[in-house]
Q: 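I'd like to ask some things about the structure below.
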Amino acid sequence: MRAVAVSTLALAIGAALAPTSLRAQSASPDNPAAASRLSLREALIRAVEADPSLPATRARTLVASAAVRQADVRPNPTLGLMVENLPTLGGGDILGRTETTLSYEQRLERGGDRSARTALARSEGDLMLAEAQVRQLDRLEQVQRVWSEALAAEALLEIARDRLALAEAFQVEVQRRVDAARDPLFAGARAEAELAQAQIDFDQAEVATRVARATLARFWDGPSNFVFGPEVFADTSSARIAAGEVAGADLAVFDLRRAQAQAQVRVEEARAVPDPTVSVGVRHIWDNELSLVFGGSIPLQRYDRNQGAIDRARAEGVVAEADRNAFRIEREREILRLQVQLAAKASEARRIVEETLPQSERAVDLVRDGFRRGGFTYNDVMTAQTALLQARARRVAVLQAFHNDRARLDRLTGAHADLLGMEITQ
């Protein structure tokens, strides 16, 4: 009887230790056997195509175009009418003594006002689109992080499934021994508690996996019937790829702010140049005579030379340049730090697979062999198995941190900017 019991438990433990890929096909909550595989790039493409900010981006393009058109318009002329020599009350014939002048006035822009306005409007539109592209890159980072969370949830579900299978086998055998009066009653209660907790953990892991997939699918409002594959989560080869430079979209924002400040300087300098106004008209005198009238005016720069506005625009250009340098240095420092962290996490994950997991699996095998010979207890088997599961959970945590750092590094370097399909004029 003891030999049969030991053999039964050993077979159950062996089944719990079987490769997870063989059991995942039938036990996954979303039936991944019938689902399609989803790569990171495919997820990003779907998110870009379903980006809810795309209509706003197209509207911003129209805003920028309209602003440029409006800035290139000349000042409107003025049509004036002046009546002179109006008599007082009771002073006689109104029409016979009044003089009427009909004039046409036009302000002449000097100093390049119109070209400066157009350049400023164009730079404002480019800045608007550049900031929209930065927001899209931030959204892609969110997608990539949720993608890594879904990968980790799937891996943790496999660990929870293994723990549940082991707890079920352990509970069955312990209950059989309790019924045979070979183990005390508290041993059965302990096995029941372990099984209940394992079931709770598995249910929670199953829910977390569904939620992670649904959250990812919400970025394109699609179904969550997709899988990733354990090899995708375990892939740390990107740690060997040298990181790129700071994302051009981020730097373009500062470059365009500087360009906008320079365009504002030209606008303010053009405003400092006084614009004359010329007028031509026809005057009607009371004896039905007509005369041609010509005149003009120009502002005197006695007090306001617009120097304060010019200095302010120049200072804003200096601010944009200084902010760009500070931003670039900070981003380069963070890129370097993330590159080192990626290499460290990839090394840790590899060492867990090559060193920790083989030793933990070997310990489980030794305990199982000793258990068959009666040299170890059920607690020894469970302790060894728990250590193995903890090592696997540690690997999952390291890999999730790796993929999160990869998402941040991809954001800082603009690795997925090619998916946006937006040209920024610098």
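Worth knowing before you read on, the calculation uses all heavy atoms, side chains too, and leaves out hydrogens, waters and symmetry mates.
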Q: Any idea which heavy atoms bring Ser360 and Leu388 closest together, and the distance?
A: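 Where Ser360 meets Leu388 most closely, the heavy atoms are CB-CD1, 3.6 Å.
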Q: Step by step, work out the side-chain contact (heavy atoms from CB on, under 4.5 Å) result for Glu49 and Ile45.
A: CA-CA 6 Å; Glu49 292 175 347; Ile45 291 175; 3.6 Å; yes
Q: I'd like to know if Glu158 pairs up with Arg392 as an ion pair, taking the criterion as any Lys NZ or Arg NE/NH1/NH2 lying under 4.0 Å from an Asp or Glu carboxylate oxygen.
A: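 No, Glu158 and Arg392 are not salt-bridged.
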Q: Any side-chain heavy-atom pair from Thr413 and Val246 closer than 4.5 angstrom?
A: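 Sidechains of Val246 and Thr413: no contact.
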Q: Determine all donor-acceptor pairs shorter than 3.5 Å in which one atom belongs to a side chain in residues 69-83; sequence neighbours excluded.
A:
| unit_1 | atom_1 | unit_2 | atom_2 | d |
| --- | --- | --- | --- | --- |
| Arg69 | NH1 | Ser65 | OG | 3.3 |

Q: Regarding Glu131 and Arg257, does a basic nitrogen lie under 4.0 Å from an acidic carboxylate oxygen?
A: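 Salt bridge flag = yes for Arg257 with Glu131.
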Q: Mind checking whether Arg213 and Thr209 have side chains closer than 4.5 Å, heavy atoms only?
A: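 Arg213 vs Thr209: side chains touch.
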Q: List the steps and the verdict of side-chain hydrogen bond (donor to acceptor under 3.5 Å, both in side chains) for Gln144 and His416.
A: CA-CA 10 Å; Gln144 194 167 350; His416 306 301; 3.2 Å; yes
Q: Between Glu245 and Arg328 (salt bridge meaning N to carboxylate O under 4.0 Å), is one present in this structure?
A: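 Here Glu245 does not pair with Arg328 in a salt bridge, since their nearest N and O are not under 4.0 Å apart.
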Q: Among residues at least two apart in sequence or on other chains, which ones pass side-chain hydrogen bond (donor to acceptor under 3.5 Å, both in side chains) with Arg337?
A: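 With sequence neighbours excluded, Arg337 shows a side-chain hydrogen bond (donor to acceptor under 3.5 Å, both in side chains) to Gln341, given in chain and number order.
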Q: Would a line drawn from the ring center of Phe228 to the ring center of Phe233 be shorter than 6.0 Å?
A: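 No, the ring centres sit 6.0 Å or more apart.
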Q: Are any of the side-chain nitrogens in Arg110 or Asp275 under 4.0 Å away from the carboxylate oxygens of its partner?
A: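 No.
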Q: Determine whether Phe202 and Gln204 make a side-chain contact, defined as any pair of heavy atoms from C-beta on separated by less than 4.5 Å.
A: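 Of all side-chain heavy-atom pairs linking Gln204 with Phe202, none is under 4.5 Å.
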Q: So does Asp250 pair up with Arg411, basic N to acidic O under 4.0 Å?
A: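 Salt bridge flag = yes for Arg411 with Asp250.
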Q: Can you list the steps and then say if Glu348 with Arg394 is a salt bridge (charged side-chain N to carboxylate O under 4.0 Å, His left out)?
A: CA-CA 10 Å; Glu348 183 179 358; Arg394 172 60 185 172; 2.6 Å; yes
Q: I'd like to know if Glu321 pairs up with Arg324 as an ion pair, taking the criterion as any Lys NZ or Arg NE/NH1/NH2 lying under 4.0 Å from an Asp or Glu carboxylate oxygen.
A: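 Looking at Arg324 together with Glu321, the answer is no, because their closest N to O distance does not fall below 4.0 Å.
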Q: Can you confirm whether Arg41 sits close enough to Leu419 that some side-chain heavy atom of one is under 4.5 Å from a side-chain heavy atom of the other?
A: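 Counting from C-beta outward, Arg41 and Leu419 do come under 4.5 Å.
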Q: Over all heavy atoms of both residues, which pair between Ala270 and Gly111 is shortest? Give the atoms and the distance, please.
A: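 Reported closest heavy-atom pair: CB-O, 3.4 Å.
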Q: Whether the Glu355 and Gln359 side chains hold a donor-acceptor pair (N or O, under 3.5 Å, no angle test) is what I'd like checked.
A: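 Their side chains do not contain a donor-acceptor pair, so the 3.5 Å distance test is not met.
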Q: Working to the nearest 0.5 angstrom, can you tell me the gap between Leu195 CG and Arg163 CZ?
A: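 Here the rounded value is 10.0 Å.
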Q: Ser53 side chain to Ala56 main-chain N or O, any donor-acceptor pair under 3.5 Å?
A: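 Checked: no pair found.
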Q: Could you check Arg135, Arg406, Arg408 and say which one makes a salt bridge (Lys or Arg N to Asp or Glu O under 4.0 Å) with Glu141?
A: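 Testing Glu141 for a salt bridge (Lys or Arg N to Asp or Glu O under 4.0 Å) against Arg135, Arg406, Arg408 leaves exactly one candidate, Arg408.
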Q: About how many Å separate CD1 of Ile159 and CG of Leu164, when rounded to the nearest 0.5 Å?
A: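 Answer for the CG-CD1 pair, Leu164 versus Ile159, is 14.0 Å.
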Q: Does a side-chain N-to-carboxylate-O contact under 4.0 Å join Arg117 and Glu109?
A: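 Yes, Arg117 and Glu109 are salt-bridged.
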Q: Report yes if the side chains of Val282 and Val293 come closer than 4.5 Å at any heavy-atom pair, otherwise no.
A: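 A side-chain contact under 4.5 Å is absent here.
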Q: Using every non-hydrogen atom in the two residues, find where Ala212 and Ala150 come nearest and quote the distance to one decimal.
A: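 In terms of heavy atoms, the two residues are closest at CB-CA, 3.6 Å.
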Q: Output the distance between atom CG (Asn225) and atom CG (Leu38), rounded to the nearest 0.5 Å.
A: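 Rounded to the nearest 0.5 Å, the CG-CG separation comes to 10.0 Å.
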Q: Should Glu269 and Arg266 count as an ion pair when the cut-off is N to O under 4.0 Å?
A: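 Judged by the 4.0 Å cut-off on N to carboxylate O distance, Glu269 and Arg266 do not form a salt bridge.
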Q: To the nearest 0.5 Å, tell me how far Leu412 CG sits from Leu336 CG.
A: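 Rounded to the nearest 0.5 Å, the CG-CG separation comes to 12.0 Å.
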Q: Quick one: closest heavy-atom pair of Leu256 and Ala130, and the distance?
A: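 The pair with the smallest heavy-atom distance is CD1-CB, 3.5 Å.
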Q: Please determine whether side-chain hydrogen bond (donor to acceptor under 3.5 Å, both in side chains) holds for the pair Asp311 and Gln307, giving the CA-CA distance in whole Å, both sets of side-chain angles, and the decisive distance to 0.1 Å.
A: CA-CA 6 Å; Asp311 293 341; Gln307 192 59 49; 3.0 Å; yes
Q: Minimum heavy-atom separation for Gln264 and Leu120, please, with both atom names.
A: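 Residues Gln264 and Leu120, closest heavy atoms: OE1-CD2, 3.1 Å.
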Q: Heavy atoms, side chains only, cut-off 4.5 Å: are Gln260 and Glu124 in contact?
A: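 Gln260 vs Glu124: side chains touch.
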Q: Using side-chain heavy atoms (C-beta onward) and a distance below 4.5 Å, is Gln197 in contact with Ile200?
A: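 Contact flag for Gln197/Ile200 side chains = yes.
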Q: Is it true that a side-chain atom of Arg139 and a backbone atom of Phe219 form a donor plus acceptor pair closer than 3.5 Å?
A: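 Yes; judged by distance alone, with no hydrogens or angles, the pair exists.
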Q: Between Arg271 and Asp113, is there a salt bridge with N-O shorter than 4.0 Å?
A: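 Salt bridge absent between Asp113 and Arg271.
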Q: Decide yes or no on side-chain contact (heavy atoms from CB on, under 4.5 Å) for Val232 and Arg37, but give the supporting numbers first.
A: CA-CA 10 Å; Val232 177; Arg37 298 179 70 86; 4.2 Å; yes
Q: Say you draw a straight line from CD of Glu154 to CG of Leu156; how long is it, rounded to the nearest 0.5 Å?
A: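 Going from CD on Glu154 over to CG on Leu156, the span is 10.5 Å.
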Q: Is Phe254 close to Arg258 at the side-chain level, that is, under 4.5 Å between some pair of heavy atoms?
A: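 They are not in contact (no side-chain heavy atoms under 4.5 Å apart), so the answer is no.
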Q: Which word best sums up how the rings of Phe226 and Trp220 line up, parallel for under 30°, tilted for 30 to 60°, or perpendicular for over 60°?
A: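 Tilted: the ring planes of Phe226 and Trp220 meet at 30° to 60°.
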Q: Looking at Glu84 and Arg283, does any basic side-chain N land under 4.0 Å from a carboxylate oxygen?
A: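 So Glu84 pairs with Arg283 through a salt bridge.
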Q: On a heavy-atom basis, which atom in Asn404 and which in Ser148 lie closest, and how many Å separate them?
A: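 Reported closest heavy-atom pair: OD1-OG, 2.7 Å.
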Q: Do the charged groups of Glu149 and Arg145 touch, with an N to O distance under 4.0 Å?
A: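 Looking at Glu149 and Arg145, the cut-off is not met.
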Q: Report yes or no: does Glu194 contribute a side-chain atom to a donor-acceptor pair with the main-chain N or O of Ala167 at less than 3.5 Å?
A: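 No: the side chain of Glu194 does not pair with the backbone of Ala167.
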Q: If you measure from OG on Ser279 to CZ on Arg107, what distance do you get to the nearest 0.5 Å?
A: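 One gets 14.5 Å once the value is rounded to the nearest 0.5 Å.
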Q: Would you please say whether a donor-acceptor pair under 3.5 Å links the side chains of Gln171 and Glu192?
A: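 Present: a donor and an acceptor within the cut-off.
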Q: Using side-chain contact (heavy atoms from CB on, under 4.5 Å) as the criterion, point out the one residue from Leu151, Asp235, Thr236 that pairs with Leu399.
A: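 Only one of Leu151, Asp235, Thr236 forms a side-chain contact (heavy atoms from CB on, under 4.5 Å) with Leu399, namely Thr236.
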